[in-house]
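If you're wondering where the values come from, they're calculated on a predicted model, not measured in any experiment. Residue numbers begin at 1 in each chain, while the letters A, B, ... track the order of the sequences. Values below: every heavy atom of this structure, side chains too, minus hydrogens, waters and symmetry copies.
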Amino acid sequence: MFALADVNSFYASCETVFRPDLTGKPVIVLSNNDGCVIARSAEAKKLGFKTGNPFFEIKDVVRKHRVNVFSSNYALYADMSNRVMTTLEEMAPSVEIYSIDEAFMNLTGVSNCMSLEQFGRDIRERVRQRTKLTVGVGIAPTKTLAKLANHAAKKWTQTGGVVDLSSPARQRKLMALVPVEEVWGVGRRISKKLNALGISTALQLADSHPPFIRKHFSVVLERTVRELSGESCIAMEEFAPTKQEIISSRSFGYRATDYQSVREAICAYAERASEKLRGERQYCKKISVFIKTSPFDLDEPYYGNQATGGLTIPSNDTRDIVRVAKECLDRIFLPGMRYQKAGVMLGDFYSAGVAQLALFDEYKPRANSEALMRVLDGINHSGKGKIWFAGQGIQQAWQMKRALLSPAYTTRYADLPIVKAK
DNA sequence: TCTGGGGTCCTAGGACCC
DNA sequence: TCTGGGGTCCTAGGACCC
């Protein structure tokens with residue numbers, strides 16, 4: 001048996017936890033670069049804001065209803081997420097952290113001690129006590145059904161935020177009410193195709209013939225069908241599998257037109273990606289760079305391109321990765337374009353620095369690499385300041401916009417909230 | 001003026017091998 | 001006139017997730 005616990009309006013709720021004056025008021029949180037809406041409080045949902053709404057398009061409505069707007073504050077959300085996950089881990093034999101605001105819990109054995117619904121309520125209570133955040137809990141024999149139960153727990157308030165879907169009769173009753181596009185694993189494209197085949201509810205999908213689905217779609221959707229009909233195909237993943245790739249990319253705060261700015265950005269992203277790679281204790285051989293103009297600027301030609309370069313032996317030394325990234329950029333940079341976004345991707349990972357050299361390779365590994373990188377990361381994680389390579393530049397005019405950022409309440413001393421007694 | 005970032009998995013098709 | 005069959009590996013692109 002699985003439970004899926006998921007924090008309601010996570011980012012928006014994190015903001016209101018430290019601003020009690022905002023309770024009951026509409027709050028929205030914007031994506032990086034203050035681009036579009038990515039989280040909404042219940043009140044903001046009622047006003048009709050949708051995830052993905054470009055901010056500049058809704059500014060008038062925001063002003064009219066005095067909506068409280070925040071830039072995303074990932075330092076705060078990540079820390080709050082940790083507190084929630086720690087609490088969940090205390091309550092179940094195993095927990096899989098699925099995203100920043102949701103986790104699957106293994107409920108094996110729980111029903112011997114107490115009703116599953118009561119267990120769901122206990123989870124809510126404890127998380128609320130620790131973090132002032134509210135979670136919805138869905139319980140079912142497969143992950144896909146647990147997702148569905150969680151969806152129902154949030155949609156219908158009379159459930160009290162907990163739905164136990166262990167009984168097949170209840171599963172079918174709920175699935176008959178749920179449109180197929182709300183099933184986990186069914187996106188816009190597939191739901192359109194399913195609708196054309198006359199499958200419009202989750203129940204109809206659950207009752208389809210798995211080989212038929214496999215033939216017309218894929219093994220992935222076949223698994224979804226089986227999971228909906230109660231056959232568990234997707235197991236708990238307690239330990240995060242090692243990453244296949246690492247991406248560091250950002251939209252620019254302004255359109256970048258000059259080579260210098262784009263190169264600074266690429267250097268910065270390459271450094272960040274290398275840092276992540278070392279955090280994973282991995283070494284990479286493949287480095288790709290992409291740059292693109294805005295797909296929304298219809299009156300200018302679109303340009304997007306990507307180049308890939310390799311290292312002879314795997315490395316996680318920032319100097320190696322920055323060098324290759326710059327070479328890649330030079331192969332695809334076109335002057336005269338107004339660039340909107342760029343990024344660096346790392347792939348082809350190895351768990352040790354030295355791989356087999358080819359017979360005639362004359363490459364000599366850097367002698368001081370490990371030590372230097374350790375010092376670099378050590379300083380940057382110490383909280384005392386940052387050091388970086390000169391290639392990033394100092395002014396960094398291309399940096400993303402975060403005009404409405406809230407304080408780092410839980411991760412920076414200077415930003416600690418102060419409580420005054422009356 | 002202004003439209004996020006970071007991932008995974010699967011499939012089809014091409015290159016190449018014997 | 002007639003031009004195999006079976007397999008692996010890699011890559012690009014599509015679909016999905018939060």
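- Taking atom CZ of residue A/Phe290 and atom P of nucleotide C/dG13, one finds them 14 Å apart after rounding to whole Å.
- Rounded to an integer number of Å, the gap from CD1 of A/Ile234 to P of C/dC17 is 11 Å.
- Look at CZ on A/Phe217: it is 10 Å from P on C/dC16, rounded to the nearest Å.
- Listed nucleotides: B/dC10, C/dA15, C/dC18. Nearest to the side chain of A/Val220: B/dC10.
- With rounding to whole Å, A/Ile190 atom CD1 is found 12 Å from C/dC17 atom C1'.
- When the C1' atom of B/dT3 is taken as reference, atom CD of A/Gln340 falls 8 Å away, rounded to whole Å.
- Nucleic acid contact for A/Ser248: sugar-phosphate only, since backbone atoms but no base atoms lie under 4.0 Å from a heavy atom of the residue.
- In this structure, A/Leu221 CG and A/Glu227 CD are separated by 12.0 Å, a value rounded to the nearest 0.5 Å.
- Note: A/Tyr269 and A/Trp398 have perpendicular aromatic rings, judged against thresholds of 30 and 60 degrees for the angle between ring planes.
- Nucleotides of DNA chain B nearest to A/Ile247 and A/Tyr74 differ in position, and the one nearer the 5' end is that of A/Tyr74.
- When heavy atoms are screened at a 4.0 angstrom cut-off, A/Asn32 is found touching the sugar-phosphate backbone but no base atom.
- Residue contacts for A/Tyr254: at a heavy-atom cut-off of 4.0 Å it reaches no nucleic acid atom on any strand shown.
- Ring centroids of A/Trp184 and A/Phe104 are separated by less than 6.0 Å, placing the two rings close together.
- In this structure, A/Lys243 does not reach the B/dG6 phosphate: none of its side-chain N or O atoms is under 4.0 Å from OP1 or OP2.
- A/Ile246 comes within 4.0 angstrom of the backbone, heavy atoms only, and of no base.
- Within 4.0 Å (heavy atoms only), A/Ile100 reaches no atom of the nucleic acid at all.
- Residue A/Arg223 has no polar side-chain atom (N or O) positioned under 4.0 Å from OP1 or OP2 of B/dC9.
- Atom NZ in A/Lys326 sits 4.5 Å away from atom SG in A/Cys267 (nearest 0.5 Å).
- Of the side-chain N and O atoms in A/Arg338, one or more sit less than 4.0 angstrom from OP1 or OP2 of B/dC2.
- Ring-plane geometry between A/Phe333 and A/Tyr339 is classed as tilted, the angle between the planes lying from 30 to 60 degrees on a 0 to 90 degree scale.
- In this structure, CG on A/Leu4 lies 9.5 Å from CD on A/Glu96, to the nearest 0.5 angstrom.
- Across all strands, A/Glu245 comes closer than 4.0 Å to base atoms (heavy-atom distances).
- OP1 or OP2 of B/dG5 has at least one side-chain nitrogen or oxygen of A/Ser251 nearer than 4.0 Å.
- Within the model, atoms CE of A/Met345 and SG of A/Cys328 stand 10.0 Å from one another, a figure rounded to the nearest 0.5 Å.
- Distances were taken from every side-chain heavy atom of A/Ser218 (C-beta onward) to each of B/dG4, B/dC10, B/dG6; the shortest belongs to B/dC10.
- Screening A/Lys386, A/Arg278, A/Arg281 for a salt bridge (charged side-chain N to carboxylate O under 4.0 Å, His left out) involving A/Asp377 leaves a single residue, A/Arg278.
- Stretches of at least 3 consecutive Watson-Crick or G-U wobble pairs, with each checked distance under 3.5 Å, appear in DNA chain C as B:5-18 with C:5-18.
- Taking side-chain N and O atoms only, A/Ser294 has no distance below 4.0 Å to OP1 or OP2 of B/dT3.
- For the side-chain contact (heavy atoms from CB on, under 4.5 Å) test with A/Leu88, the passing option among A/Met105, A/Arg126, A/Glu102 is A/Met105; the others fail.
- Using a 4.0 Å heavy-atom distance criterion, A/Val7 is classed as making no nucleic acid contact.
- What separates NZ of A/Lys143 from P of C/dC17 is a distance of 15 Å, to the nearest Å.
- Ring planes of A/His216 and A/Phe212: tilted class, angle from 30 to 60°.
- You'll find that the side chain of A/Cys36 is closest to B/dT3, out of C/dC18, B/dT3, B/dG5.
- Between atom CE of residue A/Met80 and atom OH of residue A/Tyr74 there is a gap of 16.0 Å, rounded to the nearest 0.5 Å.
- Between A/Lys193 atom NZ and C/dG14 atom P there is a gap of 15 Å when expressed in whole angstrom units.
- Look at CG on A/Asp101: it is 19 Å from P on B/dG5, rounded to the nearest Å.
- For DNA chain B, the residues of residues 49-69 of chain A within the heavy-atom distance limit of 4.0 Å (strictly under) are A/Pro54, A/Phe56, sorted by number.
- Between A/Arg255 and B/dT3 there is a side-chain N or O to OP1 or OP2 distance below 4.0 Å.
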